[in-house]
Amino acid sequence: MPELPEVETIRRDLTPRIVGRTVVEAWVSPDAPRLVQSETPESFCRRLAGRAVEELDRRGKYLLLRLDGGLTWIVHLRMTGGLIHLPAGRHDLPPPKADGTRNDCPDERYLRARFRLDDGGELCYVDLRKLGTMWLVADESSVVGKLGPEPLGEAFDPQEMRRLLAKRSAPVKSVLMDQHAVAGIGNIYADESLFEAGIRPTKAARRLSRVAAERLHWAIRKVLVEALADRGSSFRDYVDAEGEQGMYQLRVKVFRRTGEPCYVCGTAIKRIKVGGRSTHYCPKCQR
DNA sequence: CGTTACCTGAAA
DNA sequence: TTTCAGGTAACG
């Protein structure tokens, strides 16, 4: 579900609500045996209880909750995970909606873990597909050590963009989505960035000209900054830490616009598979 | 390098 | 019934 703009939105919203708070009790559903990767759920809950959250950071699509005592609680939401904060006095997620609307994932059916805080608030982890993962580790690099640069960071400059495209014979879209190349771009923002740069997703990464690589660098930053300003995209499941939707889905130019006219040239947007993922592009604007 | 498994539920 | 879904690791 969430890519960099969604995870960063959650990080920003959660920061004032949980930094300085202590986890007084942790619970992991027996129905989610794969959620905790670093140890058994029992051990995880025991070690987490009593720890204060000192800092909330993000690397790629990972949330890093730095705790007192030198441990880091790392969360990856994968496809349908979400973290919902309930302030003091509210202890229940909404019940399933009767009308069958799809943006209802943070309901009680999909509650997989909960974390009670010392101010009476609560952090709820919801995940329909149960693909999300958590770790409690002393060494963060054991989890996030091999990620590529942050696309909005200083280390990601046009030269770095060219360097990471060079020597890769895979389609440029697959390289953009490779978290070891650059961290945080997923299916939506890969398609949108390639449209913005006028590059065909299937083009071999190493075949991009210098100018094209530099345009792509600029496009990635533009798309991510705008998506962040819109608090991410909510196509089906994604909601922020308060259960609210993002707005960028209203601004996408190609993602899930199959058959609709390109806003630039009017040509019908095409959908193909690249690296097993649905890929959307304008056959005229993107060469 | 591309493909498949991991999960659940909605849409085609 | 089959396909598809904001992701990733483990395959061959």
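Atoms considered below: every heavy atom in the structure, side chains included; atoms not considered: hydrogens, waters and symmetry mates. Per chain, numbering begins at 1; letters A, B, ... match sequence-line order.
Between the side chain of A:Gln286 and the backbone N or O of A:Pro201 there is no donor-acceptor pair closer than 3.5 Å. For the pair A:Arg114 (side chain) and A:Cys124 (backbone), a donor-acceptor distance under 3.5 Å is absent. A:Ser234 places a side-chain N or O within donor-acceptor distance of the main-chain N or O of A:Gly246, the cut-off being under 3.5 Å. For the pair A:Arg47 (side chain) and A:Leu136 (backbone), a donor-acceptor distance under 3.5 Å is present. Between the side chain of A:Ser29 and the main chain of A:Asp31, a donor-acceptor pair closer than 3.5 Å is present. Panel note: side chain A:Gln179, backbone A:Ile185; a donor-acceptor pair is recorded below 3.5 Å.
Comparing atom distances between the A:Tyr110 side chain and each of C:dC4, C:dT8, B:dG9 picks out B:dG9 as nearest. Side-chain atoms of A:Leu128 lie closest to B:dG9 of the nucleotides C:dA5, B:dG9, C:dG7. The side chain of A:Arg168 approaches B:dC1 more closely than any other nucleotide in the set B:dC7, B:dC1, C:dA9. The side chain of A:Lys130 lies closest to B:dC7 when the candidates are B:dC7, B:dG9, C:dG7. Each of C:dT8, C:dA5, B:dC1 was ranked by its minimum atom distance to the side chain of A:Lys61; first place goes to C:dT8. Nearest to the side chain of A:Met177, among B:dC7, C:dG7, C:dC4, sits C:dG7.
Under 3.5 Å, the side chain of A:Arg277 and the base of C:dA5 form no donor-acceptor pair of N or O atoms.
Ionic pairing of A:Arg168 and A:Asp178 is present here: one or more N-O contacts between side-chain nitrogen and carboxylate oxygen are shorter than 4.0 angstrom.
Contact annotation: A:Arg129 does not reach the phosphate of B:dG9 (side-chain N/O to OP1 or OP2, under 4.0 Å). Not one side-chain nitrogen or oxygen of A:Ser278 sits closer than 4.0 Å to the OP1 or OP2 atom of C:dC4. For the OP1/OP2 pair of C:dT3 and a distance below 4.0 Å, the side-chain nitrogens and oxygens of A:Arg271 include no atom meeting the criterion. Look at A:Gln179 and you won't find any side-chain N or O under 4.0 angstrom from OP1 or OP2 of C:dG7. Contact check, A:His76 against C:dT8: a side-chain N or O comes under 4.0 Å of OP1 or OP2.
Across all strands shown, A:Pro171 has heavy atoms under 4.0 Å from sugar-phosphate atoms exclusively, and none from any base. Using a 4.0 Å heavy-atom distance criterion, A:Phe255 is classed as a sugar-phosphate-only contact. Among the protein residues, A:Tyr62 comes within range of the sugar-phosphate backbone only, with heavy atoms under 4.0 Å from sugar or phosphate atoms but none that close to a base. Residue A:Gly276 is classed as having no contact, given no heavy-atom separation below 4.0 Å to the nucleic acid. The residue A:Lys273 sits close only to the backbone: its heavy atoms come under 4.0 Å of sugar-phosphate atoms, none of a base. In this structure, A:Thr133 reaches neither bases nor backbone, as no heavy-atom distance under 4.0 Å exists between it and the strands shown. Base contact: A:Arg256 has a heavy atom under 4.0 Å from a base atom. The residue A:Ser174 sits apart from the nucleic acid: no heavy atom pair falls under 4.0 Å.
One interatomic measurement links the two molecules: CZ of A:Arg109 to C1' of B:dG9, which rounds to 9 Å at whole-angstrom precision. Across the protein-nucleic acid pair, A:Asp178 atom CG and C:dG7 atom C1' stand 12 Å apart, rounded to whole Å. In this structure, A:Arg59 places its CZ atom 17 Å from P of C:dG7, rounding to the nearest Å. Atom P of nucleotide B:dC6 and atom CZ of A:Arg112 are separated by 17 Å, given to the nearest angstrom. Between the CD atom of A:Glu3 and the C1' atom of C:dA5 there is a distance of 12 Å, rounded to whole Å. Per the geometry, CG belonging to A:Leu35 stands 16 Å off C1' belonging to B:dT8, to the nearest Å. Here B:dG9 presents its C1' atom at 8 Å from CZ of A:Arg236, a figure rounded to the nearest Å. The interatomic distance linking A:Leu77 (CG) with C:dT8 (P) rounds to 11 Å, in whole Å.
Pairing for C:dC11 is with B:dG2, a Watson-Crick or G-U wobble pair whose two hydrogen-bonding atom distances lie under 3.5 Å.
Nucleotides C:dC11 and B:dC7 are separated by 15 Å at their P atoms, to the nearest Å. B:dC1 and C:dA5 are spaced 23 Å apart, taking the P atom of each and rounding to whole Å.
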